[in-house]
Structures are given as structure tokens and as C-alpha cells.
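Here's the structure, in C-alpha cells; my notes come after.
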Amino acid sequence: MGSWQATVMDYRHEPGGRPQGRPEGPLARRDGWEVHGGDGELSLTDAAGRVRWRRPCPGRPNAAHLSADRVLVTTSSFEYTAWGHLGPALLLDLADGALVTELRGEHGAALGAGGRFVLGLEGYGAFDTWAHDRDGAVVDAWRSYGHYVVGDGLRVVETDRRHPTGSRVVRLLPGGAVERGPLLADAQAPAPLVLDDGTLLVLDAGVLRAVGPELDDAVLAELHPLPPEQRHRYTGALHRTAEGLTATLVERHPTRMGGYSTRTWTLGLHRP
């Protein structure tokens, strides 16, 4: 896994900051069409900005995924339930917003252009991913869950909340098989970045790692390695920039409620 190298161009450690919530802007977009969501509502706008449909949403939409004539929306509930604040996952007809079916899951992704999706759930004995067809029927299932990356097969940067973690970067294969790649140190690694050649950049407990399409891996930069007993206090994120990427670690103060500080690295990416 030697096809990429990273160079730290700038580093800052500043007081303040908070773990990032849902990004601003549309939940999903394709060919000028945009799915928007607010508390209790979903809507679709066309390329001219006209609202094509609007419908109530039983909760707070947090992500949407488009495939052919279907849209899958994951939500958070306004009320605390047996699954915490997890709300229903809504499979909708893209043309008019009509409900096709309600599903249950926290993370999802579109699979190609056939109206198919994967949807996953973790907690209370669940650590599962299901493939659904355009009507919501389950067509495959795996014992894995996390951030889904479609391309070079279906890969998952797993997040399992276990200590010590058993999470890995894996590939999901037909028939429920799981090809296991490198073990991760962080039970809650943030969403990866995907480079043009299919390499995944993973911020793993303060270490930037590259995982190739064949699930081979290498350390690109030891930014701020986190000891196991401190990892629960940090929330990481990766973002692409014109020059390369930025990596952030937001640290919650160990004793002061509401106290945070933020470490930010600006990195250049290049091939050796």
C-alpha cells in the first residue's frame, strides 16, 4: 500500500469547537435535483429550484440516498425510544414522495442505478447490513456495519462501539460473505475519504491510514495517536481540499462540561 504519501503542511490547536452534526445544504443531489430536509419535513426541488413535492417526515432527516426512481432517507426521532433517537428509514418514490415502505437502519448507501440500497443497524445485539430492492425487500444480508463505500465492490469502515474494538475495513460479498481487511484501533472512526484510485483514507484514533481496493493498508501520518482510555473523548473528521485534505480532532474536556478544543491538520497528498 505505497501508492500515496501525505505531508503535514499546517497544524493548529485552538480552544472551542464541537463535534460536527449533519452538514448544511441538501441531503442528496443528482442531475440538478435536490432532496432537502428539515425537522418534520422532506422536499424535492428540480434544477430550476422549483419544489416538486413536499411531505411530512416523522422525525429529523439526517441523510438521503438516490438510486433510479427511489430515495432512501434515514431519520432521527424527536422522542427517545428503545433504539435511542433512531427514527424510521423511509423508502420513497422519487417522482412524488409517496412512501414505498418504512425500514429500520442508521446508515445507508445507494447501490448502483436500479433503485437498490444497503441499510445498516448497530446496537442491542445488532451489527448488520441488509441489501434492499426497490420495493424494500431484503435480497442479501451481512454481519457488518459502519460507513459504506460503493465502488470496488461494497466496502465498510466498520464502527462497533466495542472496547476493545473488533472493527475492520471489510468488503461485503454476495451471499452474506465478508472479506476481512485491516483491524482498526478506533471503534468509531469517522467517514472515510475516497481517492480517485479507490484508496480509502481513514482517520483511525488520530492516525491517518490508507486502505487500498485490495484491503491492503499503510500508515500515512501519525497525527495525534490516541491511547485507548482517551479515545471516547475525541471526534474526528476528514475533508478534501484543493491541495489535499484537512483532518480534525475535536477533544471534549475531561472534566469541564461543554469544554472543547480542536486540532486541525492541513495535509498534502502525493504519489511517491
Side-chain angles (χ1 to χ4, degrees), residues 19-22 27 37 39-40 57-65 72-92 99-111 116-133 135-150 154-173 175-192 202-205 226 228-237 250 252:
Q20 297 181 359
R22 183 176 72 80
L27 295 172
D39 288 357
C57 174
R60 179 180 297 110
N62 51 52
H65 310 279
L72 176 69
V73 181
T74 54
T75 72
S76 299
S77 172
F78 295 130
E79 300 179 356
Y80 193 83
T81 69
W83 282 95
H85 288 287
L86 179 67
L90 308 175
L91 183 61
L92 307 176
L99 180 67
V100 177
T101 190
E102 283 194 8
L103 304 168
R104 183 173 294 279
E106 186 172 1
H107 284 172
L111 285 180
R116 300 176 299 118
F117 300 89
V118 289
L119 186 62
L121 184 63
E122 187 272 337
Y124 300 103
F127 188 66
D128 298 285
T129 296
W130 301 274
H132 295 274
D133 68 13
D135 298 316
V138 174
V139 295
D140 213 338
W142 301 269
R143 189 68 173 169
S144 180
Y145 168 83
H147 303 289
Y148 302 110
V149 179
V150 179
L154 176 60
R155 289 173 290 171
V156 187
V157 177
E158 293 183 328
T159 55
D160 64 5
R161 303 181 195 270
R162 291 169 49 193
H163 300 282
T165 182
S167 291
R168 296 177 178 270
V169 181
V170 305
R171 178 179 283 106
L172 306 186
L173 304 173
V178 178
E179 179 185 356
R180 303 193 181 279
L183 186 67
L184 299 172
D186 192 346
Q188 289 288 292
V202 181
L203 185 58
D204 183 25
L226 302 175
E229 68 276 8
Q230 298 295 325
R231 290 170 189 162
H232 66 283
R233 294 198 298 110
Y234 289 81
T235 303
V250 178
R252 176 170 52 83

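Nothing here was measured: the structure is a model prediction, and the numbers come from that model.
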Next on the checklist: S167 and side-chain hydrogen bond (donor to acceptor under 3.5 Å, both in side chains): which single residue from D204, D160, T159 fits?
Outcome noted: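 By the side-chain hydrogen bond (donor to acceptor under 3.5 Å, both in side chains) criterion, S167 pairs with just one of D204, D160, T159: D160.
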If you compare all heavy atoms of [X] against all heavy atoms of [Y], which two are closest, and at what distance to 0.1 Å?
| X | Y | value |
| --- | --- | --- |
| L90 | P58 | CD1-CD, 3.9 Å |
| H163 | A187 | CE1-CB, 4.2 Å |
| P88 | E102 | CB-OE1, 3.7 Å |
| P192 | V157 | CG-CG2, 3.7 Å |
| T75 | C57 | CG2-SG, 3.7 Å |
| A185 | T165 | O-CG2, 3.5 Å |

Item to check | Worked check of side-chain contact (heavy atoms from CB on, under 4.5 Å) between L111 and V150 | outcome: CA-CA 7 Å; L111 285 180; V150 179; 4.0 Å; yes
Item to check | Candidate pair V100 and L92, rule side-chain contact (heavy atoms from CB on, under 4.5 Å), full reasoning | outcome: CA-CA 5 Å; V100 177; L92 307 176; 5.7 Å; no
With a 3.5 Å distance limit and no angle check, can you tell me whether [X] reaches the backbone of [Y] through a side-chain donor-acceptor pair?
| X | Y | value |
| --- | --- | --- |
| R168 | G181 | yes |
| T235 | V250 | no |
| T74 | H107 | no |
| R231 | L226 | yes |
| R180 | V170 | no |
| H147 | A189 | yes |

Checklist entry - Can you list the steps and then say if D186 with V202 is a side-chain contact (heavy atoms from CB on, under 4.5 Å)? => result CA-CA 10 Å; D186 192 346; V202 181; over 6 Å; no
Checklist entry - Counting heavy atoms not belonging to E229, are there more than 12 under 6.0 Å from its CD? => result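 It does: E229 CD has more than 12 such atoms within range.
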Checklist outcome for this item: To the nearest 0.5 Å, atom CG of L86 lies from atom OG of S76 at 7.0 Å
Item to check | Atom pair CG (L27) and CG (N62), whose distance is rounded to the nearest 0.5 Å | outcome: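 The CG atom of L27 sits 8.0 Å away from the CG atom of N62.
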Item to check | Plane angle bin for Y148 and Y145 - parallel if under 30°, tilted between 30 and 60°, otherwise perpendicular | outcome: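 Perpendicular.
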Checklist entry - Do D128 and R143 come close enough that some side-chain heavy atom pair is under 4.5 Å? => result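 Contact flag for D128/R143 side chains = yes.
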Item to check | Side chains of L91 and F117 in contact at under 4.5 Å (non-hydrogen atoms) | outcome: yes
Next on the checklist: side-chain contact (heavy atoms from CB on, under 4.5 Å), that's the test. Do H232 and Q188 meet it? Break it down for me.
Outcome noted: CA-CA 9 Å; H232 66 283; Q188 289 288 292; over 6 Å; no
